[in-house]
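Letters A, B, ... are given to chains in the order of the sequence lines, protein chains preceding strands, and every chain is numbered from 1. Note that the structure is predicted; figures quoted are calculated from it, not measured.
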Protein chains: 2
Amino acid sequence: MPPATIRSTAKTVRLSRPEQVAEAIKEWVMEQGLHSGDRLPSEPEMIERFGMSKGTIREATRILEAQGLVRTRTGPGGGTFVHQMSPERARALLSNYFYFRDLTLKDIYQIRMVLEPELVASLAGTLSEDELSRLEAVMATYAHPAATAEEEREQHIASLRFHGLLAEMSDNPLMGFIIAFVTQTLSDLTVYRKLYDPPNHELWARGKAYQARLVEALRAGDSAQARDVMSLHMATAQSLMQAQEAEVIRRFMT
Amino acid sequence: MPPATIRSTAKTVRLSRPEQVAEAIKEWVMEQGLHSGDRLPSEPEMIERFGMSKGTIREATRILEAQGLVRTRTGPGGGTFVHQMSPERARALLSNYFYFRDLTLKDIYQIRMVLEPELVASLAGTLSEDELSRLEAVMATYAHPAATAEEEREQHIASLRFHGLLAEMSDNPLMGFIIAFVTQTLSDLTVYRKLYDPPNHELWARGKAYQARLVEALRAGDSAQARDVMSLHMATAQSLMQAQEAEVIRRFMT
DNA sequence: CCCAATTTGTTCGTATGTATC
DNA sequence: AGATACATACGAACAAATTGG
């Protein structure tokens with residue numbers, strides 16, 4: 001029997017047996033058109049079907065589980081089940097990719113600058129009063145200036161949470177995911193590089209004002225206004241964040 | 001010993017032991033600041049360090065491998081190594097997320113419409129003659145109208161490959177990844193739904209013309225022109241693709 | 001070309017944990 | 001509470017791949 005291979009972009013890669021089995025199971029699931037919650041064959045059945053040992057089957061299951069495709073439960077009625085990946089898990093898997101590629105504020109804001117105005121333009125007039133008040137509830141958490149550095153950090157994260165919330169409200173799953181991911185990445189970067197540290201009163205005040213005007217435009221269903229306000233919000237946030245970054249670097253150097 | 005838990009957004013999740021071990025290894029790698037290519041402890045060392053059986057350690061390794069974080073090699077000098085995930089792998093992992101969330105042409109083009117013009121605007125004047133001719137080489141593969149449905153499909157994919165190539169040339173890794181992913185998703189969708197089937201001469205002719213003008217603008221370093229051409233390209237592509245979609249649905253219904 | 005050393009890869013038997021009825 | 005059905009975990013042995021002599 002020739003070694004199983006898969007044609008990738010350039011060279012042939014030899015797959016280990018658990019990987020082969022995981023691939024085979026994945027294809028089988030797609031062929032069967034199984035949906036989230038559907039049960040896969042039990043371990044003994046898999047062992048028989050693939051002619052592999054328990055250990056190998058288990059490793060294959062771990063692979064699928066790590067990719068967020070299945071979940072396992074013990075006990076009677078338990079087994080391995082097709083699973084719909086959560087957005088959180090998808091974001092976590094993708095951040096692994098960017099772990100070694102260090103993103104800059106410029107990279108992040110180049111995306112935000114064009115995507116977020118588009119998002120709110122399509123959101124205007126479609127949000128329920130409940131959704132709008134959830135946005136306002138987040139804004140309320142940074143209604144007053146922070147007293148401590150700790151609080152400063154929390155407010156910074158909360159103001160990004162505002163954008164993550166907007167992203168979740170999109171009826172475009174692609175748009176929603178991308179913006180939520182970018183927002184989270186920015187949040188992680190801010191915390192990691194302590195970009196909240198020299199408290200930036202201007203960033204706080206202007207951001208708050210823009211967000212208030214934005215919610216107003218969303219409630220009024222004024223799409224053009226929402227887009228414009230978000231554009232201004234992003235532009236000022238970018239320049240203030242980059243100034244902040246320069247300040248942190250300056251303080252680090254001296 | 002209490003079961004190990006992790007606080008997530010809502011409820012506590014019980015982690016299996018291999019998952020715990022995988023998490024522990026991941027954290028250890030980050031703490032040590034290991035880079036791509038660095039070697040992790042061998043299986044026997046892991047067994048001792050975590051006090052777990054070989055099978056459990058191996059399952060943990062499979063989890064990290066499935067997430068694209070490590071690779072393993074057999075033989076002397078072999079072992080488990082920190083690995084920098086390839087863009088292809090990252091895209092594959094992310095497509096799993098969108099497998100159950102069916103994206104529409106509208107969703108995809110809403111993103112392309114704003115991101116791709118921004119991409120080419122920042123690319124104008126930065127590309128080498130070599131890169132420009134690689135773009136032209138792709139364009140050459142669909143210089144003549146397709147004769148068969150097979151060829152039609154190949155040309156459709158190649159014209160999306162043109163955009164994937166542009167994405168790879170971005171010096172913004174986030175922008176590059178997102179556009180490459182969206183492009184590939186559109187390519188998969190086109191093939192899966194056979195959107196190339198009733199040959200669309202207008203889509204082919206106009207797309208080709210726009211791409212030629214685009215390369216010209218990129219070579220001239222005319223950023224504004226590149227942005228405008230891409231905007232027009234995206235707008236016409238969207239409307240023609242959606243007409244195509246309607247046609248395919250119509251033919252399917254009758 | 002083969003052989004030996006090293007390291008991961010695979011198997012099988014057994015025992016344990018866990019959830020359902 | 002006890003039986004059942006399922007995944008989970010362990011340990012020892014063996015197999016395969018890779019490197020260097």
Side-chain angles (χ1 to χ4, degrees), chain A residues 1-6 11-25 29 34 37-83, chain B residues 1-6 11-25 29 34 37-83:
Chain A
M1 186 174 59
T5 56
I6 187 172
K11 55 190 174 211
T12 43
V13 181
R14 199 186 317 269
L15 264 61
S16 72
R17 267 201 268 252
E19 282 167 338
Q20 286 176 47
V21 174
E23 274 305 311
I25 294 173
V29 166
L34 297 191
D38 289 350
R39 206 194 130 149
L40 272 63
S42 70
E43 264 182 11
E45 283 176 276
M46 292 285 205
I47 291 168
E48 182 154 12
R49 186 176 304 203
F50 291 99
M52 307 263 161
S53 75
K54 203 175 0 171
T56 304
I57 297 295
R58 282 180 60 72
E59 287 182 27
T61 307
R62 286 293 89 75
I63 290 173
L64 296 175
E65 206 171 24
Q67 296 178 346
L69 295 170
V70 305
R71 301 197 89 181
T72 55
R73 282 202 307 270
T74 59
T80 307
F81 300 85
V82 177
H83 179 65
Chain B
M1 185 173 59
T5 56
I6 186 171
K11 56 193 173 209
T12 43
V13 181
R14 199 186 317 269
L15 264 62
S16 74
R17 269 202 263 260
E19 281 168 336
Q20 287 176 47
V21 174
E23 273 305 310
I25 294 173
V29 167
L34 297 190
D38 289 349
R39 207 193 131 153
L40 272 61
S42 70
E43 269 183 5
E45 281 175 279
M46 293 287 203
I47 292 167
E48 181 153 16
R49 187 176 302 199
F50 291 99
M52 308 256 165
S53 76
K54 180 170 169 147
T56 304
I57 297 296
R58 283 183 57 75
E59 287 182 33
T61 307
R62 286 293 87 73
I63 289 172
L64 296 175
E65 206 171 26
Q67 295 178 345
L69 295 170
V70 305
R71 299 197 92 182
T72 55
R73 283 202 307 269
T74 59
T80 306
F81 301 85
V82 177
H83 179 64

If only side-chain N and O atoms count, and only distance matters, is there a donor-acceptor pair under 3.5 Å linking Thr56(B) with Glu59(B)? no
With sugar-phosphate meaning primed atoms plus P, OP1 and OP2, does Gly77(A) contact a base, only sugar-phosphate, or nothing at under 4.0 Å between heavy atoms? nothing
Can you tell me the distance, in whole Å, between the CG atom of Leu40(B) and the P atom of dT7(C)? 14 Å
Between Arg62(B) and dG9(C), does any side-chain N or O lie under 4.0 Å from OP1 or OP2? yes
Between CD of Glu65(A) and P of dA7(D) the distance, given in whole Å, is 12 Å
Would you say Thr72(B) places a side-chain N or O within less than 4.0 Å of OP1 or OP2 belonging to dG9(C)? yes
Would one find a side-chain N or O of Thr56(A) under 4.0 angstrom from OP1 or OP2 of dT11(C)? yes
Round to the nearest Å and state the distance from Ile47(A) atom CD1 to dC6(D) atom C1'. 12 Å
Which heavy-atom pair separates Arg62(B) from Pro18(A) by the least distance, and what is that distance? CD-CB, 4.2 Å
If we only count heavy atoms from C-beta on, is the Phe81(B) to Leu40(B) side-chain gap below 4.5 Å? no
If you check every side-chain atom of Ser53(B), which of dT20(C), dC10(D), dT10(C) has the closest atom? dC10(D)
Between dT7(C) (C1') and Ile57(B) (CD1): distance, integer Å: 15 Å
Out of curiosity, Met46(A) CE to Thr80(A) OG1, how far, rounded to the nearest 0.5 Å? 6.0 Å
Give the rounded distance in Å between these two atoms: CZ of Arg39(B) and P of dT6(C). 12 Å
Met52(B) CE to dG11(D) P: how many Å, rounded? 11 Å
Between CZ of Arg71(B) and C1' of dA17(D) the distance, given in whole Å, is 15 Å
How would you label the contact of Arg58(B) with the nucleic acid (heavy atoms, under 4.0 Å): base, sugar-phosphate, or nothing? base
For residues Arg49(A) and Pro41(A), report the shortest heavy-atom separation together with the two atoms involved. NH2-CG, 3.7 Å
Protein and nucleotides 14-17 of chain C: nitrogen or oxygen contacts under 3.5 angstrom:
residue: dT14(C); atom: O4; partner: Lys54(A); partner atom: NZ; Å: 2.5

For Thr72(A), the option from Glu65(A), His83(A), Glu43(A), Arg58(A) that meets side chain to side chain donor-acceptor pair (under 3.5 Å): Glu65(A)
Please work out if Gly79(A) contacts a base, only the sugar-phosphate, or nothing of the nucleic acid, heavy-atom cut-off 4.0 Å. sugar-phosphate
Measure the shortest side-chain to side-chain distance between Val82(B) and Leu69(B) over non-hydrogen atoms and say whether it is less than 4.5 angstrom. no
Output the rounded distance in Å from CD (Glu45(B)) to P (dT6(C)). 14 Å
